[in-house]
S.K.: 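Here's a structure for you.
Heavy atoms only: backbone and side chains are in, while hydrogens, waters and symmetry mates are out.
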Amino acid sequence: MHQLLGSTLKDARRERQGRIVGIDQTREHPVIDVIWQGQPRAERIIITCDQLRDLVRASLARAAAQTQKTASTDDSQEQTQDESPVLLAEQRRA
């Protein structure tokens, strides 16, 4: 889960991006803390366990792709960091 800290998160529904700055798994449902662009404070977002697993999988896949990209690039060329954000599907409660 720690690999999510600092990851870019995209909320397509509200057309915004932010950074994950905290994760709380001690509750019934996981909570992530996100600082959205232009916001001074973190927002706590309740997500499902499945959504948390999906975020971790996407983060690991992105890291693996970046590692492959870096390994296949000539060392003398300048490296750029992949900043493609993880997509957040907002949970709704009835």
Side-chain angles (χ1 to χ4, degrees):
M1 300 303 155
H2 67 280
Q3 64 268 21
L4 288 178
L5 294 176
S7 294
T8 301
L9 192 67
K10 181 177 182 181
D11 181 353
R13 187 169 162 248
R14 294 187 182 171
E15 296 182 5
R16 61 184 181 171
Q17 286 190 14
R19 292 250 181 228
I20 298 174
V21 295
I23 303 167
D24 182 355
Q25 298 179 71
T26 62
R27 303 172 184 269
E28 181 180 347
H29 295 283
V31 175
I32 57 174
D33 297 322
V34 179
I35 296 179
W36 300 106
Q37 287 179 338
Q39 300 295 317
R41 299 179 65 186
E43 177 183 343
R44 293 182 67 81
I45 301 172
I46 298 171
I47 60 175
T48 66
C49 291
D50 289 339
Q51 287 173 319
L52 181 59
R53 275 191 291 274
D54 290 346
L55 288 173
V56 171
R57 282 189 199 122
S59 178
L60 291 172
R62 193 173 59 250
Q66 182 63 30
T67 300
Q68 279 186 330
K69 179 180 173 184
T70 301
S72 66
T73 303
D74 182 31
D75 291 340
S76 65
Q77 292 181 342
E78 185 177 320
Q79 300 296 317
T80 58
Q81 184 177 358
D82 182 14
E83 287 293 327
S84 56
V86 176
L87 185 63
L88 173 67
E90 188 173 338
Q91 178 183 358
R92 293 179 178 241
R93 292 188 178 231

S.K.: As an exercise, state the distance from CD1 of Ile23 to CD1 of Ile47, rounded to the nearest 0.5 Å.
M.R.: 8.0 Å

S.K.: So, the side chain of Thr67 versus the backbone of Ala63: is there a donor-acceptor pair under 3.5 Å, distance only?
M.R.: yes

S.K.: Among all residues two or more places apart in sequence or in another chain, which pass the side-chain hydrogen bond (donor to acceptor under 3.5 Å, both in side chains) test with Glu43?
M.R.: Arg16, Trp36

S.K.: Restricting to side-chain hydrogen bond (donor to acceptor under 3.5 Å, both in side chains), what partner residues turn up for Thr26, sequence neighbours left out?
M.R.: Asp24

S.K.: As an exercise, state the distance from CD1 of Ile20 to CD1 of Ile45, rounded to the nearest 0.5 Å.
M.R.: 8.5 Å

S.K.: Quick one, Leu4 and Leu9 - any side-chain contact, counting heavy atoms below 4.5 Å?
M.R.: no

S.K.: Got a second to check how far Leu55's CG is from Leu60's CG, nearest 0.5 Å?
M.R.: 11.0 Å

S.K.: CG/Asp11 to CD/Gln37 distance, rounded to the nearest 0.5 angstrom?
M.R.: 12.0 Å

S.K.: Can you name the residues that form a side chain to side chain contact (heavy atoms under 4.5 Å, CB included) with Ala42, not counting sequence neighbours?
M.R.: Val21, Asp33, Ile35

S.K.: Say you draw a straight line from NE2 of His29 to CG of Leu52; how long is it, rounded to the nearest 0.5 Å?
M.R.: 12.5 Å

S.K.: Ignoring hydrogens and angles, state whether a donor on the side chain of Arg19 or Thr8 is under 3.5 Å from an acceptor on the partner side chain.
M.R.: yes

S.K.: My understanding is that only residues two or more places apart in sequence, or in another chain, count here; which of them pass salt bridge (Lys or Arg N to Asp or Glu O under 4.0 Å) with Arg41?
M.R.: none

